[in-house]
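Ligands are counted one by one from 1 in listed order, and the atoms in each one are counted from 1 as well.
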Amino acid sequence: MSDPNSSSLRTPKRLLEEAKRHMQEDTERAALLYEQAVARARLYRDQETLADALNGMAKLAHKKGESNAAIFHLQEAREIRRLLGDVRGEAGLLSNIGSLYTDLGSFNTALDFLLQAETLAGQQGDVLSAGIATNLARVYDNLDEVQSAQDQYQKALKIVQEAGHRMGEAILSTNYGEFQLRRGNLPRAEELLGSALDITARKGMVAAEALRHLGVLYRQRENTDAALLAFHEAINLARSSGAIDSLIEVLISEAETHLGQGHLTLARDVLFEAEELARGSNRQRTLSRILQLTSQAMEQDGEVQAALHTAREAHQLEAQVLKAEAEQRTRQLATQHELERARTELDQQRHRYETERQAKEKMERESFERMKELERKALYDALTGLPNRLLLADRFRVALEHASKSGTRLALGVLDLNKFKGINDNLGHHVGDELLIEVARRLEPILRTEDTVARTGGDEFVFLIRSVADSSAVLAVARRIMQAFEPMFHLYQHHLHVSPSVGFAVFPEDALTYQDLFEKADKAMYEAKTRGSGFELHGMQSSDRLAPVTLESALHQALKNEELDIVYQRFTDPRGKPRGAEALLRWHHPMFGHISPLEFLPIAESTGLSVPIGAWVLNRACQDAAKWHGLILSVNVSAKQFSHPDFAATVQQALDKSGLNPALLELEIKEELLSRHGERAQSRLSALRDLGVRLIIDDFGEGFTSFSALKHHPVHGVKLDRNLIQDLNPEQPSSRDEALLTAVVRMAQALGLDVIAKGVETEHQWEVLTSLGVSAVQGFLFSRPEKAF
Ligand code: C2E
Ligand code: CA
């Protein structure tokens, strides 16, 4: 649930309602809420609420005696109602304005507004009309137009009576009664005041007022007892309803009555209470009246000195009040005039501002579009749509700042297409262009969003790679770049292989500025071009030499740099008795990290490197196995090794050097290799067998081509291809997979060969293999390749 007070929920309407609720007990809060309501209503253009809120603000201002501010608000509210076409709303506001001018003593202005209000309200005879009539009556009363005042009172009274608005009738009867009383029409006054008392059941503030006027009426009739009774009742009511003005007025009336009767002590007692109240509530004008009466009582009491003193105070007070009132009035009139001027000016300014704002917005929009277009042209390469040199330099500046601050690296790469000029010259520029577009299309997706590839001219592309952890991150990008060029380019009717040369340099190791980094990367790129190695990374190594970054060149150094290693994976008989372990080659490149033999062995093969590497494995593994106390060592033999004329000699050397028993060395030769070498394979196998080592056909069962020749091969056993067992499924016990496996195993066994199963991962596979009577099992189910055996 969200907080109902959260400002987002406070619509202008809500604020207004809240303000209205606080109007009675917390005017400060109400004032704030009204202000907010007004501001928000303006913002949301909620005219209805704006008008209401302005009306509320006017009421508050009036309460505080700030009549001019009140009028100002009312006038704006009235304007809104007029624009909204809310005739009755407008009439109500005009009536309020008129009432305020009446309070200010501007009776003619008040009359103007009230008559307008009357016209707008029409002859509807409702509460609105009653209010207007009452206000009109007050003005006419002040203007001494007794008949008109009386007419309006009558009219108002008739309306509220017909509407059954009892409270309204009581108030109106009281006011009208007081009017009749002042005008000397005592019977009518008595009738009206009596009716007010009936309606209110002699309770509350209105009853107090009616009783006070009745008291005055009785006094005029010289019925002092009745007057005093009425006053006492009024005093009690006013006291209990907290109507302080009413209370003071009755006290004064009572005192006057006592004075008229010559009851000086009583008069002075009552006056004393009235004085306290007036002083306490800062009612200056009333206080002055009270002091005058007090002075009168004192004089009658023979206290001439005190009477004089009090009279002086009363006069001073009155003078002050009059002066203050006069000043305030001038001020009010002046400010009101100013306010009105300011308002018109504000309206005009608002209009001007709005027109200007719209024009400015339009201009800004247009120039923004223009800027964007210009920027696009200035910062992006027209052909490929990639960032151009300018934008790259800018992004580099930002990236460099960030890298320096955060202490991270960034890499700059320069890519150049090999033989681009030839393509351009021989196949035409349209083909060259198409190639560049396609290259851009392939390069873009290989970078992260925070990185940039730009075309900086001709066939030159530049990479900006941020937050580079180490050189392997750069190499990863370099690899992805090389991969992007693997598929052929289809350009018009031409199908081409295009290769790039890329050079990288890294901040801060290689250089600290864009220019220097660029030069270093460019140099690395040329290095790559001359070597034909694809990509080169400048620096990031202890030595100054350019690092070899292709697997091939790295592999060359792997042996020298002792980056190669061997792990051993055990194999056992089906019951778990150890039989031996297979040597598996590992390569930990300082930058590439761990590289799988499946990845680098094909390269080693294609470059002939597998021969020295294989020799190294043999030597090292034999040395290790010499300490194994009778367990078998299995070593994989590659095709190049196998076909190398010196291979048997190499094996012999390894055995000699390590002192390993030849019967404990098992050479694994792939099945496909044997089928490829045909007759020659057989003689090679024989030569090896003569060394006394065991020969195993690896990945057996993959291709059956050599099956017929199998019986002629002098081998000791076969290692089943992983494919044969990997799909064995306990859900389908006699599947085709199992049938095939069974056939292969039976065949090998029929030829008197040991059968070894590798890649055993599940209990089920193990069960099946055991039931088939294989001689050894190897796989993750039993053990992983490990550093030492
Ligand atoms: P391989 O001869 O089939 O060697 C067994 C491979 O299977 C090893 O992968 C081993 O880690 C993995 N392996 C062992 N048990 C499981 C198992 O339960 N499930 C599965 N899925 N795999 C298992 P590795 O070490 O990556 O070797 C891959 C291949 O590289 C070898 O396959 C082998 O042909 C070749 N190789 C490894 N070392 C040498 C070597 O020194 N010389 C030559 N010429 N080839 C090698
Ligand atoms: Ca093997």
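- Taking atom 21 (N) of ligand 1 as the reference point, the nearest protein heavy-atom neighbour is E761 OE2, 3.0 Å.
- The Ca ion (ligand 2) sits nearest to atom OE1 when only the N, O or S atoms of E668 are considered.
- Note: no N/O pair closer than 3.5 Å links G779 and ligand 1 by distance alone.
- With ligand atoms numbered from 1 in the order given, ligand 1 contributes 18 (O) to contacts under 4.0 Å with heavy atoms of V760.
- Ligand 1 places these atoms under 4.0 Å from at least one heavy atom of S638: 44 (N).
- When non-hydrogen atoms are compared, ligand 1 lies under 4.0 Å from neither the backbone nor the side chain of Q778.
- Closest to atom 26 (O) of ligand 1 among all protein heavy atoms lies P597 CG, 3.5 Å.
- Backbone and side-chain nitrogen or oxygen atoms of L585 are examined, and one is located within less than 3.5 angstrom of a nitrogen or oxygen of ligand 1.
- Using a 3.5 Å distance cut-off with no hydrogens or angles, the side chains of S634 and E666 do pair a donor with an acceptor.
- The shortest separation from a heavy atom of R722 to ligand 1 is under 4.0 Å, placing the residue in contact.
- Distances below 4.0 Å separate heavy atoms of P785 from the following atoms of ligand 1: 11 (O).
- Looking at Q569 next to ligand 1, an N or O pair under 3.5 Å apart turns up.
- Proximity of atom 18 (O) of ligand 1 to the protein is indicated by at least one non-hydrogen atom lying closer than 4.0 angstrom.
- A donor and an acceptor atom, one from each side chain of N418 and S501, are located under 3.5 Å apart.
- Ligand 1 lies less than 4.0 angstrom from a heavy atom belonging to R586.
- A salt bridge does not link D451 to R466: none of the charged nitrogens lies less than 4.0 Å from a carboxylate oxygen.
- For ligand 1 and E582, the ligand atoms under 4.0 Å from any heavy atom of the residue are 2 (O), 4 (O).
- Applying the 4.0 Å criterion to heavy atoms of G759 picks out, from ligand 1, the atoms 16 (C), 17 (C), 18 (O), 19 (N).
- At a cut-off of 3.0 Å, D699 is not counted among the residues with an N, O or S atom near the Ca ion (ligand 2).
- Scanning the protein for heavy atoms near atom 42 (N) of ligand 1, the closest one is N636 O, 3.5 Å.
- Near L601, meaning under 4.0 Å from any of its heavy atoms, are these atoms of ligand 1: 30 (O), 35 (C), 36 (N), 45 (N), 46 (C).
- Within D698, the N/O/S atom positioned nearest the Ca ion (ligand 2) carries the name OD2.
- Donor-acceptor pairing under 3.5 Å is recorded for the side chains of T452 and R395.
- The atom name of the N/O/S atom in E582 closest to the Ca ion (ligand 2) is OE2.
- Ionic pairing of D510 and K523 is not present here: no N-O contact between side-chain nitrogen and carboxylate oxygen is shorter than 4.0 angstrom.
- Residue N636: an N/O/S atom is found under 3.0 Å from the Ca ion (ligand 2).
- Listed by atom number, the atoms of ligand 1 under 4.0 Å from D698 heavy atoms are 2 (O).
- Ligand 1 lies less than 4.0 angstrom from a heavy atom belonging to K670.
- Protein heavy atoms are absent from the space less than 4.0 angstrom from atom 32 (O) of ligand 1.
- Between Y514 and F396, the two ring planes are tilted [angle within 30° to 60°].
- Between A604 and I613, the closest heavy-atom pair is CB-CD1, 4.3 Å.
- Under the 3.5 Å distance criterion, with hydrogens and angles disregarded, no donor-acceptor pair is assigned to the side chains of Q569 and K758.
- Listed by atom number, the atoms of ligand 1 under 4.0 Å from V617 heavy atoms are 41 (O).
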